[in-house]
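The next block holds one structure in the form of structure tokens; read it before the comments.
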There are 2 protein chains.
Amino acid sequence: MKKIDTSTEEKIKEAARIVFYKKGFAATRTRDIAEEAGINLALLNYYFRSKAKLFEMIMIETMAGFFQNLMMVLNDKNTSIDEKVMEVVGKYIDLIIKEPEIPTFIISELRNNPNLLLQKIPLKEVIETSEFLKQHQEAVKNGSMKEPNPLHFLINILGLTVFPFIAKPMLLGSSKLNDKEFEKMMLERKKLIPMWIKAAMSVG
Amino acid sequence: MKKIDTSTEEKIKEAARIVFYKKGFAATRTRDIAEEAGINLALLNYYFRSKAKLFEMIMIETMAGFFQNLMMVLNDKNTSIDEKVMEVVGKYIDLIIKEPEIPTFIISELRNNPNLLLQKIPLKEVIETSEFLKQHQEAVKNGSMKEPNPLHFLINILGLTVFPFIAKPMLLGSSKLNDKEFEKMMLERKKLIPMWIKAAMSVG
DNA sequence: GTCTATAACGTGATAGAC
DNA sequence: GTCTATCACGTTATAGAC
């Protein structure tokens with residue numbers, strides 16, 4: 001039940017999101033945002049003091065939204081580790097298909113601002129005390145999980161899930177794939193990745 | 001036997017590479033490059049007409065160098081498919097450890113120039129006619145390879161290999177890892193990824 | 001080839017009318 | 001709150017002396 005806010009302030013923010021996602025901070029002009037929002041350039045500064053402030057707001061919201069899913073799933077006490085893998089993979093593939101520019105946006109913009117993440121999102125604390133970590137340790141102990149380092153495990157899940165979207169321009173450039181076929185492949189991966197992960201993490 | 005060229009032209013190009021890799025096209029100032037090269041700003045335009053021309057040169061060289069490894073390995077008629085996986089993983093992990101900014105640079109800059117890749121590098125043609133593709137088809141036929149789509153296979157290899165470097169700021173932000181430990185983990189993956197891939201691609 | 005000085009332009013931000 | 005007009009500044013690129 002999300003209230004649709006069509007106020008000028010919200011219109012500017014949504015326009016900023018679109019343009020920043022597509023071009024990044026350095027390459028976007030405040031005029032681009034104003035045009036996208038259908039408003040006057042002066043209004044941008046009236047509502048949001050500066051381009052930098054507006055950007056930081058979008059950046060933090062985007063990262064928080066993106067990592068919230070991960071943190072919630074990893075901390076769910078009612079799911080097994082296999083179910084957590086399925087949830088993470090499924091949720092992120094759906095999310096990124098809906099908003100394909102987010103992963104590249106985060107990666108590109110984090111390059112110029114590497115500490116923005118740590119300051120605003122308690123990713124480290126959440127993961128270190130997570131249910132996921134406990135379940136992984138348990139699985140290592142009973143032998144069903146061969147890889148002892150949970151970070152390798154997490155990297156593999158996210159790499160298999162997120163990487164193809166980041167590398168999409170290269171994949172389309174190196175095959176006959178079109179956009180629709182690409183999306184179909186990504187949906188296939190919702191089932192494939194958990195299976196691959198299970199097989200891979202059981203060897204060693 | 002590479003000739004060391006310390007001409008002004010080469011100094012500018014190397015400086016441009018450093019600054020572009022770090023900040024991207026839009027965020028770098030020609031003054032940054034001139035300062036990095038220890039030369040006067042006017043010389044940049046004397047040797048390379050414009051910022052855009054200089055950038056395009058760096059970009060194309062970088063992508064060509066990056067994908068050349070892949071194309072060579074995938075076309076080697078003297079290695080098995082398992083050996084190809086080992087070679088790709090090993091080569092890229094070593095390469096990216098040496099030049100850590102390249103993957104994020106390519107991804108970020110390709111966003112504004114998605115067709116630069118296709119025009120200048122025959123990635124599609126090489127892969128479509130590659131020895132790798134034939135060997136994959138053969139392995140599917142004899143049952144040792146369960147995943148019938150070679151693109152899934154390729155995505156998985158590259159995702160497991162390249163993704164952690166792209167996501168490094170996030171990984172360091174979500175764990176106690178420092179730079180040295182990160183590199184150690186990446187070197188571990190040279191052995192782990194081929195093993196994981198073999199296990200994963202044998203199920204289905 | 002290399003420099004200094006400066007032109008030409010684009011961009012972020014603001015003043016002030018309405 | 002919203003607009004037009006404009007400022008102030010940074011940036012790319014070039015002219016011209018050496």
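Sequence lines set the chain letters: A, B, ... in the order given, protein chains first and strands last, and positions in each chain run from 1.
We find that CG of B:Leu43 is positioned 14 Å from P of D:dA13, with the value rounded to whole Å. As a whole-Å value, the separation of B:Asn40 CG from D:dT14 C1' is 12 Å. Taking atom CG of residue B:Leu41 and atom C1' of nucleotide D:dA15, one finds them 14 Å apart after rounding to whole Å.
More than 12 heavy atoms of other residues, nucleotides or ligands sit less than 6.0 Å from atom NZ of B:Lys134.
Against DNA chain C, the stretch residues 21-38 of chain B makes no heavy-atom approach under 4.0 Å.
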ring-ring contact (aromatic ring centres under 6.0 Å, His included) assessment of A:Phe20 paired with A:Phe105:
CA-CA 8 Å; A:Phe20 280 141; A:Phe105 170 76; 7.4 Å; no
Hey, mind stepping through B:His136 and B:Glu147 against side-chain hydrogen bond (donor to acceptor under 3.5 Å, both in side chains) and telling me if it holds?
CA-CA 9 Å; B:His136 175 269; B:Glu147 173 52 49; over 6 Å; no
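At a threshold of 4.0 angstrom between heavy atoms, the contacts of B:Tyr46 include nucleobase atoms, whether or not backbone atoms are also involved.
First and last contacts of DNA chain C with chain B, using any nucleotide atom under 4.0 Å from a protein heavy atom and ordered 5' to 3', fall at C:dG1 to C:dT4.
The OG1 atom of B:Thr79 lies 11.0 Å from the CZ atom of B:Phe132; values are rounded to the nearest 0.5 Å.
Taking the six-membered ring for Trp and the full ring otherwise, A:Phe182 and A:Phe165 have centroids separated by under 6.0 Å.
Comment: A:Glu83 does not engage A:Lys77 in a salt bridge, judged by the lack of any side-chain N to carboxylate O separation of less than 4.0 angstrom. Salt-bridge formation is not detected for the pair A:Lys84/A:Glu131: no Lys NZ or Arg NE/NH1/NH2 atom is positioned less than 4.0 Å from an Asp or Glu carboxylate oxygen.
B:Asn45 and B:Ser50 make their closest contact through ND2-CA, 4.0 Å (heavy atoms, listed as atom of the first residue, atom of the second, distance).
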